[in-house]
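Naming: A, B, ... by sequence-line order, numbering from 1 per chain.
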Amino acid sequence: MSLFKNQNIKIYNSISKNKEVFKPINEGAVGMYVCGPTVYSNVHLGNCRTFLSFDLVFRYLNHLGYKVRYVRNITDAGHLENDADSGEDRIAKKARIEEIEPMEVVQRYTIDFHNTMAKFNALPPSIEPTATGHIVEQIGIIKEILKNGFAYEKNGSVYFDVLKFNESHHYGRLSGRNLEDMVTNTRELDGQSDKKNPQDFALWKKAEPQHIMRWPSPWSDGFPGWHLECTAMSTKYLGEHFDIHGGGMDLKFPHHECEIAQSEAYNEQNPVNYWMHANMLTLNGQKMAKSTGNNILPNEIFTGNNTILSKPFNPTVVKFFMYQAHYRSILDFSNDALEAAEKGYNRLMEAFNNIGKLPIEAKTSWNLEDWKQSCYDAMNDDFNSPILIAQLFEAAKFINAVKDQKATITEKDLEGLKATLSAFIFEVLGLQDVDSESSNTGKLSDIVNLLINLRNEARANKDFATSDKIRDELAAIGIQLKDGKEGTTFIL
RNA sequence: GGCAUCGUGGCCGAGGGGCUAGGCACCGGUCUGCAAAACCGUCUACUCCGGUUCGAAUCCGGACGAUGCCUCCA
């Protein structure tokens with residue numbers, strides 16, 4: 001029997017602002033769409049947080065036995081830099097700067113994005129469609145919206161008529177905005193726009209002569225509006241009405257609001273049951289954003305090549321750090337917080353690796369079933385990874401107690417404990433055991449072990465001058481010796 | 001200016017009317033030739049001012065502050 005039959009998930013639905021019991025449209029199956037990156041530069045850490053948040057959702061749903069179709073797009077069509085008609089396509093701009101073809105930019109940064117997510121051990125989505133691969137579908141939707149009277153054409157561009165739409169529908173439902181307020185608060189643009197109202201948004205834009213990325217359409221040679229691609233691709237792969245739509249908090253308005261409007265204007269369907277928004281990662285208290293330069297690249301963290309951190313950090317440690325905060329909370333990135341996370345992570349992994357060394361007894365002095373359910377409870381409560389991690393530390397404490405013979409466990413429970421821990425640490429959180437992979441291999445390891453043996457001989461002879469010299473000089477190179485009951489180990 | 005979200009101990013972060021997570025640091029202890037590492041223990045906090053309540057960090061109102069969105073952004 002699938003686990004999901006016993007575990008009831010609650011999801012915070014951005015549109016109702018409440019936690020709601022999750023009930024998929026089709027029992028046992030989940031359709032999830034997440035807005036992916038615009039591939040015009042290296043993916044930054046803030047982007048990664050959002051995708052890691054939804055990776056957790058994907059992994060947990062999978063763990064529970066749901067059949068999940070997870071669609072995450074790549075925005076490669078390029079969109080205007082500002083709202084004025086003369087704005088330049090960002091991908092084209094980047095291409096001009098780097099003197100390469102626009103699709104070369106797209107290719108380069110798509111690869112970077114995939115590499116980075118792989119380092120974080122994020123699962124690839126089930127389908128990863130591109131905007132440029134769905135121009136036909138987007139044109140099809142525009143035609144329908146025009147036919148339904150919620151869009152108008154002007155000078156080869158097509159705009160969504162927000163005021164008209166709002167007469168019969170509710171524009172602003174998701175973001176809690178009121179169209180009348182928006183109209184009164186909007187400052188006038190320079191009057192260059194073809195739009196009837198500043199709130200209207202483009203479904204299709206006629207391309208200026210210098211614009212490289214362009215496709216033919218009934219209205220002009222041009223390119224689709226940004227909001228449209230998600231409507232087209234989510235509809236194509238998940239249907240007109242699907243379960244979960246996710247994205248960064250910054251996409252709530254206008255992007256997701258416009259998606260809802262487009263879907264309703266297209267087919268009178270509320271497209272999404274559960275809207276999920278992952279909160280921002282801040283750096284120095286400010287949102288990380290490519291456009292402002294306030295960002296740090298994942299690779300700069302992994303290599304240590306940056307001005308913010310004192311040392312390199314492994315991707316899995318960065319991920320663990322992120323999961324110690326709830327996805328709906330703003331999280332501030334700092335050296336101190338990362339170092340604290342790294343130590344905690346090491347403690348957890350060490351406890352996990354000690355499971356095999358535990359003594360077996362006739363009784364278990366701990367309620368394993370309650371603990372296990374508390375892990376599920378944490379995740380069921382809107383994917384509360386910080387509480388899950390707290391529960392994992394409870395298990396670590398218990399493991400250490402058994403090791404010190406202050407608690408006991410049976411063979412059967414030991415297996416159960418290991419299976420549950422393994423499921424949550426590796427399967428659900430998607431963490432990796434980096435320590436056991438890296439340090440104990442190769443010639444370096446042999447050399448260090450040789451020195452360890454020499455030191456231990458010196459210690460046995462009470463030649464502490466020599467033994468301390470070996471220890472201290474290794475430490476100066478960056479190799480730390482750890483004396484334990486079962487001998488001496490080292491970490492780099 | 002409008003719309004949101006948030007303000008928790010030295011730091012990071014959960015929780016969300018009485019049962020008061022977790023991690024890191026500090027301090028104390030076990031271990032050690034001494035250390036380090038590891039493990040154990042300790043540390044009781046919710047911006048301010050009113051209100052509701054037997055009881056508020058938690059609910060309501062206000063003030064102050066922070067952040068996000070209102071233009072492309074995860």
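- To the nearest whole angstrom, the two P atoms, one in B/C40 and one in B/C60, are 40 Å apart.
- Distances shown here put a side-chain N or O of A/Asn384 below 4.0 Å from the OP1 or OP2 atom of B/G15.
- The phosphate of B/U67 (OP1 or OP2) has a side-chain N or O of A/Gln286 nearer than 4.0 angstrom.
- Of the residues listed (A/Phe165, A/Phe253, A/Phe160), the one engaging A/Phe201 in a ring pair (Phe, Tyr, Trp, His ring centres under 6.0 Å) is A/Phe160, and it is the only one.
- Taking atom C1' on both B/A37 and B/U32, the two are 11 Å apart, rounded to the nearest angstrom.
- For the pair A/Gln480 CD and B/A38 P, the computed distance is 8 Å after rounding to whole Å.
- Straight-line distance between the P atoms of B/G61 and B/A25: roughly 41 Å, to the nearest whole Å.
- Considering only side-chain N and O atoms, A/Lys252 lies nowhere under 4.0 angstrom from the phosphate OP1 or OP2 of B/A4.
- Distances shorter than 4.0 Å separate none of the side-chain N or O atoms of A/Ser175 from OP1 or OP2 on B/C70.
- Nucleotides B/A36 and B/G29 place their P atoms 12 Å apart, quoted to the nearest Å.
- Atom P of B/U20 sits at a distance of 23 Å from the matching atom of B/G13, rounded to the whole Å.
- As rounded to the nearest Å, B/A38 and B/C49 have C1' atoms that lie 49 Å from one another.
- Checked against B/A74, B/G22, B/U5, the side chain of A/Asn47 finds its nearest nucleotide in B/A74.
- Here A/Lys93 does not reach the OP1 or OP2 of B/C72: none of its side-chain N or O atoms lies under 4.0 Å away.
- The side chain of A/Arg459 has B/G33 as its nearest neighbour among B/G68, B/G33, B/G16.
- Look at A/Phe51 and the base of B/A74; the rings do not stack under the cut-offs of 5.5 Å between centres and 30° between planes.
- Considering only the side chain of A/Lys17, B/U5 comes nearest among B/C69, B/U5, B/A21.
- Put simply, the side chain of A/Tyr12 never gets that close to the backbone of A/Trp275: no donor and acceptor are under 3.5 Å apart.
- A donor-acceptor contact under 3.5 Å is not formed by the side chain of A/Arg328 with the base of B/C6.
- The nucleotide whose nearest atom lies closest to any side-chain atom of A/Ala340 is, among B/G22, B/C24, B/G33, B/C24.
- Neither side chain, A/Asn314 nor A/Lys319, offers a donor N or O lying under 3.5 Å from an acceptor on the other.
- Residue A/Asp55 contributes atom CG, which lies 18 Å from atom P of B/A74 at whole-angstrom precision.
- For A/Asp483, counting side-chain heavy atoms from C-beta on, the closest listed nucleotide (B/C70, B/G13, B/A36) is B/A36.
- In this model, a side-chain donor or acceptor of A/Asp468 finds a partner on the base of B/G33 within 3.5 Å.
- If you check B/C72, B/G22, B/A37 against the side chain of A/Pro254, the one that comes closest is B/C72.
- Listed nucleotides B/G68, B/C70, B/G33 differ in distance to A/Lys287; the shortest reach to its side chain belongs to B/G68.
- Nearest heavy atom pair, residue A/Glu259 against residue A/Cys35, reads OE2-SG, 3.8 Å.
- The CD1-P distance, from A/Ile15 to B/C3, rounds to 19 Å in whole Å.
- Of the candidate nucleotides B/C70, B/G41, B/A14, B/G41 has the atom nearest to the side chain of A/Lys397.
- Atom-to-atom, CG of A/Asp250 to P of B/G68 comes out at 10 Å; the value is rounded to the nearest Å.
- Each of A/Gly484 and A/Thr50 was matched to the nucleotide of RNA chain B holding its nearest heavy atom; the match closer to the 5' end belongs to A/Gly484.
- Between A/Gln199 atom CD and B/U71 atom C1' the separation is 13 Å, expressed in whole Å.
- Between A/Phe321 atom CZ and B/C12 atom C1' the separation is 8 Å, expressed in whole Å.
- OP1 or OP2 of B/C40 has at least one side-chain nitrogen or oxygen of A/Asn400 nearer than 4.0 Å.
- The shortest non-hydrogen separation linking A/Asn284 to A/Asn294 is ND2-ND2, 4.0 Å.
- If you take CD of A/Gln324 and P of B/G22, they are 13 Å apart, rounded to a whole angstrom.
- B/U44 sits 41 Å from B/G2 when the C1' atoms are compared, rounded to a whole Å.
- Minimum atom distance to the side chain of A/Pro386 is reached by B/G13, of the listed B/G13, B/A35, B/C12.
- Contact between the side-chain N/O atoms of A/Arg347 and the OP1/OP2 oxygens of B/C40 is found at a separation under 4.0 Å.
- In this model, no side-chain donor or acceptor of A/Arg177 finds a partner on the base of B/C70 within 3.5 Å.
- Of the charged side-chain nitrogens involved, none lies within less than 4.0 Å of a carboxylate oxygen, so that A/Lys93 and A/Asp89 do not count as a salt-bridged pair.
- Between the A/Arg49 side chain and the A/Met280 main chain, a donor and an acceptor come within less than 3.5 Å of each other.
- The shortest distance between the side-chain N/O atoms of A/Ser329 and the OP1/OP2 oxygens of B/A14 is below 4.0 Å.
- A ring-centre distance under 6.0 Å is not found for A/Tyr345 and A/Phe313.
- Of the candidate nucleotides B/C34, B/G68, B/A14, B/A14 has the atom lying nearest to any side-chain atom of A/Ile387.
- Separation of the P atoms belonging to B/G1 and B/A63 is 12 Å when rounded to the nearest angstrom.
- Atom-to-atom, CG of A/Asp382 to C1' of B/G15 comes out at 14 Å; the value is rounded to the nearest Å.
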